[in-house]
Undergrad: 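Quick one: structure below, then a few questions.
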2 protein chains.
Amino acid sequence: MTLLDPVPETARSVGGAYDDVAEDIELRTPSGSGSNRERGADRGRSTARGRRLPRHARRMQLLGAARDVFVAQGYHAAAMDDIAERAGVSKPVLYQHFPGKLELYLALLDQHTQELVGRVEEALASSHDNLRRIERSVGAYFDFVDDEGGAYLLVFESDLRSEPEVRRRVEQSLQACVDAITRTIAADTGVNEDEAELLSVGLCGLAEVGARWWLGSGGTVSKERAVELLVSLAWRGIAGSPRRSVPDSGFAR
Amino acid sequence: MTLLDPVPETARSVGGAYDDVAEDIELRTPSGSGSNRERGADRGRSTARGRRLPRHARRMQLLGAARDVFVAQGYHAAAMDDIAERAGVSKPVLYQHFPGKLELYLALLDQHTQELVGRVEEALASSHDNLRRIERSVGAYFDFVDDEGGAYLLVFESDLRSEPEVRRRVEQSLQACVDAITRTIAADTGVNEDEAELLSVGLCGLAEVGARWWLGSGGTVSKERAVELLVSLAWRGIAGSPRRSVPDSGFAR
DNA sequence: ATTGGACACCGATCTTTACCTCCACGAGGG
DNA sequence: CCCTCGTGGAGGTAAAGATCGGTGTCCAAT
């Protein structure tokens with residue numbers, strides 16, 4: 001039950017630093033425990049598994065492996081054995097870097113919520129034109145979702161929302177996006193603070209669900225066109241959508 | 001770790017039928033296993049637990065208890081013991097009605113996805129005026145989320161999306177809402193099928209995330225006002241939102 | 001160059017938790 | 001009055017999170 005691509009690991013796995021150190025690791029055959037253990041003989045050839053890594057490099061590599069496994073299987077279905085195996089290390093190593101499964105997950109979650117919020121804030125800061133800002137913000141959601149690794153699943157579809165710390169982080173990431181939009185976009189609408197915030201929430205919801213749906217719809221619509229359509233909806237509304245000529249009377253108000 | 005309201009059970013728990021049969025059940029003390037077991041003595045007084053119920057009634061009652069526990073704790077944290085205890089029966093009874101935990105969860109999930117889809121379809125069929133339809137559809141999401149019992153969590157925040165059957169049902173419920181809106185609302189916009197669908201997705205996302213956010217925001221905005229604002233966004237767009245008078249020039253395009 | 005020490009790693013195991021069934025007991029029909 | 005069916009508590013089992021003693025390797029100082 002691998003369920004994962006062979007082992008990307010060549011690509012920048014998580015942070016970008018120290019990543020090149022951990023190439024050419026190799027997964028052992030999953031069932032090869034106890035039967036064909038190499039003893040003495042080709043020990044010292046290091047089986048490509050016993051590569052010693054500096055602490056930080058190992059940590060980064062573990063985070064990458066954990067991301068792959070958590071994304072592919074979800075928190076609960078992912079076993080620490082799977083992550084260790086994916087990383088090409090044994091379980092104790094994992095526990096030398098993270099106190100437990102939850103902490104590992106939280107570290108990962110923090111990474112990716114920050115990435116989303118960062119993208120949105122960047123999009124909002126990239127222009128003074130509000131339509132442009134909307135376009136770029138929705139685009140940020142799409143890019144986030146479309147990013148290699150599928151880490152968006154950790155933020156948008158995390159199981160483990162029963163865990164308060166996870167829930168807090170997920171909700172906080174939405175709230176951060178909402179606040180950013182509220183501050184920069186809705187500042188000049190005539191509604192009060194709470195109501196401007198609600199509009200921003202609507203926008204985030206539109207972007208999030210739209211992006212996820214687009215990703216799962218298998219490329220029948222290009223990303224650019226999808227963003228354009230959603231932005232059109234957000235900007236001009238349904239009433240402003242282009243109507244096809246309706247011969248049989250105005251029924252659409 | 002009860003984490004649940006004492007035992008609602010008086011309110012219509014799931015289907016409405018047979019529910020009055022199963023009142024006055026009582027939760028046993030959670031840690032009272034093995035210590036203070038009543039033996040022989042007051043047996044026969046039936047402890048209010050041994051109430052025999054017709055099969056269908058029992059099933060409904062079990063579903064109600066399962067809903068409470070799954071909503072309060074999530075799928076993984078919920079134990080079958082908890083559900084049985086909540087329902088005031090023993091575990092074998094549970095397994096006589098459902099083959100396993102998963103099937104129980106799926107039955108519950110089906111109930112509530114159908115409820116959401118039904119509400120939306122009803123909203124769309126309740127008028128011929130498209131603005132009204134939007135209003136009622138967004139309202140349907142809010143009502144669904146605001147409904148007693150918090151069953152929306154099963155649909156919108158289910159852990160266990162790693163289970164294919166669960167994922168399928170959740171995605172299908174969104175898709176059903178999208179299709180319904182696509183058919184009735186977006187039929188007269190000039191975009192093609194796929195693109196109209198994407199607009200509907202945006203609308204669903206706006207409604208879903210908006211409703212969930214509103215629910216968690218603690219009533220700073222009334223439900224009606226929240227719906228009104230989101231509908232305003234969906235119908236007229238951001239550009240159509242009421243502007244406050246901006247003396248310092250048109251910066252907002 | 002050698003050697004000592006510290007660090008990193010591994011196989012194997014322990015334990016807990018929670019899903020899912022087996023032996024005794026009490027209420028409704030012939 | 002007797003039989004059957006449903007109920008109750010105790011247990012088996014399997015998986016997965018967390019850990020221990022032993023081993024190999026890298027670095028630096030003499």
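Protein chains get the first letters and strands the later ones, always in sequence-line order, with residue 1 at the start of each.
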Undergrad: Take the protein atom CG of Leu94(A) and the nucleotide atom C1' of dG11(C), then report the distance between them rounded to whole Å.
TA: 16 Å
Undergrad: According to side-chain contact (heavy atoms from CB on, under 4.5 Å), who are the partners of Phe98(B), at least two apart in sequence or on a separate chain?
TA: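 Phe98(B): side-chain contact (heavy atoms from CB on, under 4.5 Å) contacts with Arg59(B), Leu62(B), Leu63(B), Leu104(B), Ala107(B).
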Undergrad: Do any pairs count as a ring-ring contact (aromatic ring centres under 6.0 Å, His included) and have a residue in residues 62-92 of chain A, sequence neighbours left out, and if so which ones?
TA: Phe70(A)-Tyr75(A), Phe70(A)-Tyr105(A), Tyr75(A)-Tyr105(A), His76(A)-His76(B)
Undergrad: May I have the distance from Leu62(B) (atom CG) to dG6(D) (atom P), rounded to whole angstrom?
TA: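 Going from CG in Leu62(B) over to P in dG6(D) covers 14 Å.
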Undergrad: What is the distance, to the nearest angstrom, from the CG atom on Leu104(B) to the P atom on dA18(C)?
TA: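 For the pair Leu104(B) CG and dA18(C) P, the rounded distance is 16 Å.
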Undergrad: Test: ring-ring contact (aromatic ring centres under 6.0 Å, His included). Region: residues 164-183 of chain A. Which pairs qualify, not counting sequence neighbours?
TA: none
Undergrad: Can you tell whether the side chains of Lys91(A) and Asp81(A) come within less than 4.0 Å, N to carboxylate O?
TA: yes
Undergrad: Rounded to whole Å, how long is the line connecting atom CD of Gln61(B) with atom P of dG6(D)?
TA: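 Checked: the CD to P distance equals 16 Å.
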Undergrad: Determine which pairs satisfy salt bridge (charged side-chain N to carboxylate O under 4.0 Å, His left out) with at least one residue from residues 104-124 of chain A, sequence neighbours left out, and list them in order.
TA: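 Non-adjacent pairs meeting salt bridge (charged side-chain N to carboxylate O under 4.0 Å, His left out): Asp110(A)-Arg169(A), Glu115(A)-Arg119(A), Arg119(A)-Asp147(A).
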Undergrad: Which residues satisfy the side-chain contact (heavy atoms from CB on, under 4.5 Å) test with Val69(A), sequence neighbours excluded?
TA: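 Scan of Val69(A) (side-chain contact (heavy atoms from CB on, under 4.5 Å), adjacent residues dropped) gives Leu4(A), Gln73(A), Ala78(A), Asp82(A), Ile83(A), Arg86(A).
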Undergrad: When the distance from CD of Gln96(A) to P of dG22(D) is rounded to whole Å, what number comes out?
TA: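 Whole-Å distance recorded here is 17 Å.
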Undergrad: Polar pairs (N or O, both sides) under 3.5 Å between protein and nucleotides 14-18 of chain D?
TA:
residue	atom	partner	partner atom	Å
dG17(D)	OP1	Ala78(A)	O	3.3
dG17(D)	OP1	Lys101(A)	NZ	2.7
dG17(D)	OP2	Met80(A)	N	2.6
dA18(D)	OP2	Tyr95(A)	OH	2.9
dA18(D)	OP2	Lys101(A)	N	3.1
dA18(D)	N6	Lys91(A)	NZ	2.4

Undergrad: Can you see if the side chain of Arg58(A) gets near the phosphate of dC9(C) - specifically, an N or O under 4.0 Å from OP1 or OP2?
TA: yes
Undergrad: Expressed as a whole number of angstroms, how long is the span from Arg55(A):CZ to dA8(C):P?
TA: 6 Å
